[in-house]
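Notes for the one structure printed next.
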Amino acid sequence: MGKPRPLLMGSNLKMYKTAGQTREYLAALQELTADIPRTELQLFIIPSFTSLPAAVEQVDQDLIRIGAQNVFWEDQGAWTGEISPLMLKDLGVGLVELGHSERREHFGDTDLTVQRKVQAVLRHGMHALICVGETAQEKELGVGTERLRAQVKIALHGVPEGALDQIWIAYEPVWAIGEKGVPAEAPYANEMHGVIRQVLKELYPNRGADVPILYGGSVNLDNADSFAAQPEVDGLFVGRSAWEAARFNEMIRRTLKVWKEARR
Ligand code: PGA
């Protein structure tokens with residue numbers, strides 16, 4: 001048994017919200033959630049790159065941790081349009097999301113580039129939130145679990161056990177994400193988290209089981225608590241339904257209640 005951990009809840013703002021809007025959102029969210037003990041909840045928000053300076057200035061990162069949506073693996077160089085881990089660190093950003101399905105689908109991120117990015121993030125002492133998930137086709141063809149296993153193994157290739165506390169995994173089935181997505185049933189998500197947990201244990205027999213695994217993909221106010229009741233789910237990674245502070249606050253409270261009851 002590891003030590004009890006806080007419920008992890010966070011949102012990727014994708015390509016939404018200007019710096020000013022991000023500020024307003026974070027100010028409201030911080031105020032609304034201020035009374036929730038951070039021993040019970042770890043909250044994080046991942047705004048666009050251009051909003052990061054404002055975000056870091058706006059929040060107390062002990063209350064809301066700020067992350068970036070991507071990073072390049074080199075510290076500097078002739079890489080027009082890319083953002084280096086040094087640049088993120090310089091801003092006070094300590095969390096980086098890697099391999100989101102939209103990046104894999106539209107911007108050429110692959111298991112191997114995700115692996116290089118994980119290494120860069122760890123090298124700079126930051127945390128990596130690694131997104132994995134099978135497509136609808138892979139699920140239909142019965143290779144969903146193989147796909148997950150490969151994604152996790154490649155992303156963590158070369159990561160020493162001592163760096164595991166800098167790793168979070170988000171299970172986000174591609175077919176569940178976004179407007180056209182259908183949320184996974186909670187027991188299915190639990191089963192897939194179990195598959196990921198198993199790979200982690202194989203790779204790291206001592207500490208693999210402690211890596212938090214979050215569910216993401218059409219999480220909303222009505223289904224969030226169903227995931228929190230599942231034993232393999234350590235947190236939720238929310239898109240659309242988190243982008244209004246009052247609604248996200250409501251979701252966090254409902255989820256935390258069920259989370260705590262399920263873990264009594
Ligand atoms: P969604 O996004 O909640 O809007 O489906 C989830 C995600 O992309 O992480």
Side-chain angles (χ1 to χ4, degrees), residues 7-17 21-22 25-26 29 42-49 51-52 55 64-71 95-109 111 114 117-118 121 127-136 138-139 144 147-148 151-152 155 167-186 188-190 192-193 196 212-228 230 233-255:
L7 167 68
L8 280 160
M9 293 218 34
S11 180
N12 160 20
L13 303 187
K14 306 194 180 184
M15 201 177 73
Y16 290 96
K17 297 194 195 291
Q21 290 165 339
T22 303
Y25 168 75
L26 287 169
L29 188 63
Q42 185 159 4
L43 185 55
F44 63 96
I45 298 294
I46 307 188
S48 66
F49 283 124
S51 296
L52 285 174
I64 304 180
R65 221 161 143 182
I66 300 299
Q69 295 178 13
N70 185 26
V71 74
L95 172 67
V96 187
E97 175 183 1
L98 299 172
H100 187 277
S101 73
E102 286 150 16
R103 296 226 43 97
R104 292 179 191 256
E105 184 182 346
H106 304 295
F107 302 104
D109 283 18
D111 293 346
V114 169
K117 292 175 182 191
V118 170
V121 165
H127 277 66
L129 171 53
I130 303 167
C131 302
V132 297
E134 80 282 11
T135 62
E138 287 158 349
K139 184 170 184 263
R147 183 75 192 107
L148 283 185
Q151 285 177 325
V152 172
I167 302 282
W168 297 345
I169 308 260
Y171 169 58
E172 301 205 297
V174 179
W175 44 269
I177 293 175
E179 299 280 348
K180 297 194 190 109
V182 180
E185 294 291 331
Y188 179 83
N190 193 59
M192 299 309 255
H193 280 220
I196 295 169
I213 308 171
L214 294 81
Y215 172 76
S218 294
V219 174
N220 59 44
L221 200 49
D222 297 321
N223 66 16
D225 53 0
S226 70
F227 296 107
Q230 301 292 329
V233 175
D234 301 311
L236 297 177
F237 193 27
V238 190
R240 290 156 291 152
S241 299
W243 298 341
E244 204 260 301
R247 179 146 44 129
F248 194 29
N249 171 51
E250 171 79 32
M251 186 193 297
I252 290 167
R253 285 171 195 277
R254 281 195 204 177
T255 308

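As the structure lists them, so they are numbered: ligands from 1, and atoms in each ligand from 1.
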Exercise for the section: For K14 and Q69, work out which heavy atoms get closest and say how close. Expected result: O-NE2, 3.0 Å

Exercise for the section: Kindly confirm or rule out an N or O of G178 lying under 3.5 angstrom from an N or O of ligand 1. Expected result: yes

Handout entry: Top protein contact for atom 4 (O) of ligand 1, by heavy-atom distance
Key = R240 NE, 2.6 Å

Handout entry: I177, any N or O under 3.5 Å of ligand 1 N or O
Key = no

Practice task
Return the orientation label for the Y171 and H193 ring planes: parallel under 30°, perpendicular over 60°, tilted otherwise.
Solution key: perpendicular

Exercise for the section: Go through the side-chain N and O atoms of S11 and R240 and say whether any donor and acceptor fall under 3.5 Å apart. Expected result: no

Exercise for the section: State whether the shortest distance between N or O atoms of N12 and N or O atoms of ligand 1 falls below 3.5 angstrom. Expected result: no

Exercise for the section: Check ligand 1 against H100 and write out every atom of the ligand that is under 4.0 Å from a heavy-atom position of the residue. Expected result: 7 (C), 8 (O), 9 (O)

Fill in the blank from the handout: At under 4.0 Å between heavy atoms, what of E179 touches ligand 1? The answer is neither

Practice task
Pull out every atom of ligand 1 sitting under 4.0 Å from any heavy atom of S218, numbered as shown with elements.
Solution key: 1 (P), 3 (O), 5 (O)

Handout entry: Atom pair CG/CD1 of L8 and I213 - distance to nearest 0.5 Å
Key = 11.5 Å

Exercise for the section: Give a yes/no on ligand 1: does G216 have at least one heavy atom closer than 4.0 angstrom to it? Expected result: no

Practice task
Just need the protein heavy atom nearest to atom 2 (O) of ligand 1, so name the residue and atom and give the distance.
Solution key: K14 NZ, 3.3 Å

